[in-house]
2 protein chains.
Amino acid sequence: MSHRKVTSLEVAAKAGVSQSAVSRVFSGASASEKTAKKVRAAAQELGYRPNVLARSLITGRSRIIGLIVAYLDNQFYPVALERLSHALQEQGYHIMIFMASARGPDVDRVINELLDHQVDGIITASVGLTDALTERCEKAGIPVVMFNRGQQDRRMPEVTSDNLSGGKRIAEFLCAGGHERIGHISGWSGSSTGQDRAAGFAAGLRGAGSALIAQLDGMYSREGAVKAAREMVEVHKTDALFVGNDHMAFAVMDTLRGELGLSVPDDISIVGYDDVPMAAWAAYDLTTLRQPVNQMVSATVGLLMDMINGESTARKIQIQGPLVVRGSAKIPKG
Amino acid sequence: MSHRKVTSLEVAAKAGVSQSAVSRVFSGASASEKTAKKVRAAAQELGYRPNVLARSLITGRSRIIGLIVAYLDNQFYPVALERLSHALQEQGYHIMIFMASARGPDVDRVINELLDHQVDGIITASVGLTDALTERCEKAGIPVVMFNRGQQDRRMPEVTSDNLSGGKRIAEFLCAGGHERIGHISGWSGSSTGQDRAAGFAAGLRGAGSALIAQLDGMYSREGAVKAAREMVEVHKTDALFVGNDHMAFAVMDTLRGELGLSVPDDISIVGYDDVPMAAWAAYDLTTLRQPVNQMVSATVGLLMDMINGESTARKIQIQGPLVVRGSAKIPKG
DNA sequence: GCTTGGCTTGCAAACCTATGCAAAAGGCGG
DNA sequence: CCGCCTTTTGCATAGGTTTGCAAGCCAAGC
């Protein structure tokens, strides 16, 4: 029933050294092998482990990274979360996680709580920051990296895939496939990723001598995508759709095949964006542009570490991904 | 460039009161409205927010809950995570998250790090604990609740669905559907959930005068499920399968329909377990037994809070869920 | 043997807040 | 105006660690 925590002082007493000696042994500072041995033995016997809270209080570094994530129903984010978790653990950091809607007041409150907890850095996954928040973090000296989302006005560090190029290559692929009536169900038009993919796609169509029949905002949600899909087919008679991410693309395919009785890709071609694991499942077999999660995560963590160590200034990183051709869209000959 | 944190002492100076007064205002202790006003004004002006680390150090409560989760590719867990996050935030707690394989040495290291961080409680989602770890947590006085996983030998608090009853009802449903050759692709047989569902299923079949043709371990993974599905069809000629969770059931359906060219449910019926959102998608339309995530999360958080407040002893909670009948299994007449 | 220089080591202050205790202030009836 | 009771306030300590500083130790070089 001894719930009391063992302190370095008790270890010191048992080992016959000073409390500082214990501290030095456990924080990796210089100490003779002789005392280190004594200390370790005493610690082992008492079951001592350093109190991270006290350490953080004095060093001013908590080794905690705040992670804010919006959409967990989109498989891209659980996967990213898993990778981020491992990458940060390798660097000796831990994740304090928050769920927040992409916009709205949640983010405000959440950032406050993160600052209260003295986190060493913040990663926002698909979450936008208001200027006020950005400024607040800057003033607190806490680095922020935006994962898979940009911020046009502010020069905030961010890691994304090359959305412009991606959209463009998808356009070229669909044009080469001989489609005549091409539509785009975009990601939320308030997000940089949604905008960039749409812009790249439109530019690609133009470059190939084609044009966009229609563009609807799918809001990154299944409901939005379903509604848009109906309109695309019934009103605009499209024969090909670029859908702003895989998560929506699955909803679109469900709607087309189930409710509307169409065949993919015979009646209509679908291309997504992300290449989440589910895209490879037989039920969807989705042609999509891959966002290289591993590279994006590495870049994010690397950038954050640099900023924490004061080695780098804010940067924007874009990573190219390949178009993964599967069975949901007509394949150009040759 | 004033990265220095504002302390309660500075606020006190500006407000013309003592540091304790500031502390009391922000920790909700008694204070006259007059001083409270002065303090809040000064704090506002300086941008002061209490340092949670220092607070935790002295109160001995960090208001952090450690969450260990194994499978993030199974949609059940992102959903649960989201709910847990919200439920805990409502109680004023925060989540420190760790990814760990269901068994193996990860868990060991992770628990240590959680203890180092002085978490107030631990939730393990589908992760088993060795006896040594259990004991360590007990000795540290840190409550642990196991979510969606039990531990047969130890009297550790846990929250699950009623897996025995669930398995039994699925068996009855399949028997009533007129199936003759019923197989079971189980969850990992080292897990209590996997065992209980299998046991309930077998009992249900016996009760209905039927018997299990074959049972194979799908290990909760897609690969395991795919392999098992092949063997079920090719070797055991099953006409109905209960698959230990939805995540595996999707893989089974992909394999049956794609690789083996079978029709579901005409050639073979499939029933899953969990009722993740994806089960309702047209591509799968999976008949499955629902695990009521909301209730399970509420129970988990409630249990943990009780334990933290010393109001309750360890308990095991089981929650009933309905069988959600969709299109992946023959529906009994009447 | 004494000086010089490099490691170790202990002392004590610092990090920032919460809180027990006693003193002060405020309210109220007599 | 006084005494009594309640509330508010300040003082000082505690919580567990890191770290600058100075003292101690030991070996090497003269």
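Residue numbers begin at 1 in each chain, while the letters A, B, ... track the order of the sequences. Worth knowing before you read on, the calculation uses all heavy atoms, side chains too, and leaves out hydrogens, waters and symmetry mates.
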Answer with base, sugar-phosphate or nothing: what part of the nucleic acid does A/Thr35 contact at a heavy-atom distance below 4.0 Å? sugar-phosphate

Whether the side chain of B/Arg55 and the base of D/dG15 hold a donor-acceptor pair under 3.5 Å is what I'd like checked. no

Separation of C/dC16 atom P from B/Phe26 atom CZ, nearest Å, is 16 Å

Expressed in angstrom and rounded to an integer, what is the separation of B/Asp116 atom CG from D/dG16 atom P? 15 Å

Gap between atoms CD1 and P, on A/Ile58 and C/dA14 respectively (whole Å): 11 Å

Would you mind telling me which of D/dT18, C/dC16, D/dG10 lies closest to the side-chain atoms of B/Ala54? C/dC16

Exercise: do B/Glu138 and B/Thr134 side chains pair donor with acceptor under 3.5 Å: no

Determine the contact category for A/Thr59: base if any of its heavy atoms lies under 4.0 Å from a base atom, sugar-phosphate if only primed atoms, P, OP1 or OP2 are that close, otherwise nothing. sugar-phosphate

Distance alone, cut at 3.5 Å: any donor-acceptor contact between the side chains of A/Tyr77 and A/Ser126? yes

Whole-Å distance, A/Lys5 NZ to D/dG16 P, equals 9 Å

Ion pair present between A/Lys5 and A/Glu10, side-chain N to carboxylate O less than 4.0 angstrom? no

Spacing of A/Leu57 atom CG relative to D/dT17 atom C1', expressed in whole Å: 8 Å

May I have the distance from A/Lys34 (atom NZ) to C/dT8 (atom C1'), rounded to whole angstrom? 10 Å

Between A/Gly194 and A/Tyr220 the two heavy atoms that sit nearest each other are N-OH, 3.3 Å

A/Leu9 or B/Arg24, whichever maps to the more 5' nucleotide of DNA chain D: B/Arg24

Specify the separation, in whole Å, of atom CZ of A/Arg61 and atom C1' of D/dT19. 16 Å

Donor-acceptor pair (no angle test) under 3.5 Å: B/Ser20 side chain, D/dC11 base: yes

Candidates D/dT17, C/dT9, D/dG10 - which lies nearest the side chain of B/Ser18: D/dG10

Mapping B/Gln118 and B/Val17 to their closest nucleotides on DNA chain D, which lands nearer the 5' end? B/Val17

Measure OH/B/Tyr48 against C1'/C/dC16 and give the value in whole Å, please. 8 Å

Salt-bridge test for A/Glu113 and A/Arg109: reply yes if a basic N is under 4.0 Å from a carboxylate O, no otherwise. yes

Across the strands shown, which category fits A/Ala31 at heavy-atom distances under 4.0 angstrom: base, sugar-phosphate, nothing? sugar-phosphate

Using heavy-atom distances to pick each residue's nearest nucleotide on DNA chain C, tell me which of A/Gln19 and A/Glu33 is more 5'. A/Glu33

Winner on side-chain proximity to A/Ser23, out of D/dA12, C/dA18, D/dT18, is D/dT18

With respect to the side chain of B/Ser32, which nucleotide from C/dC15, D/dT9, D/dG20 is positioned closest? D/dT9

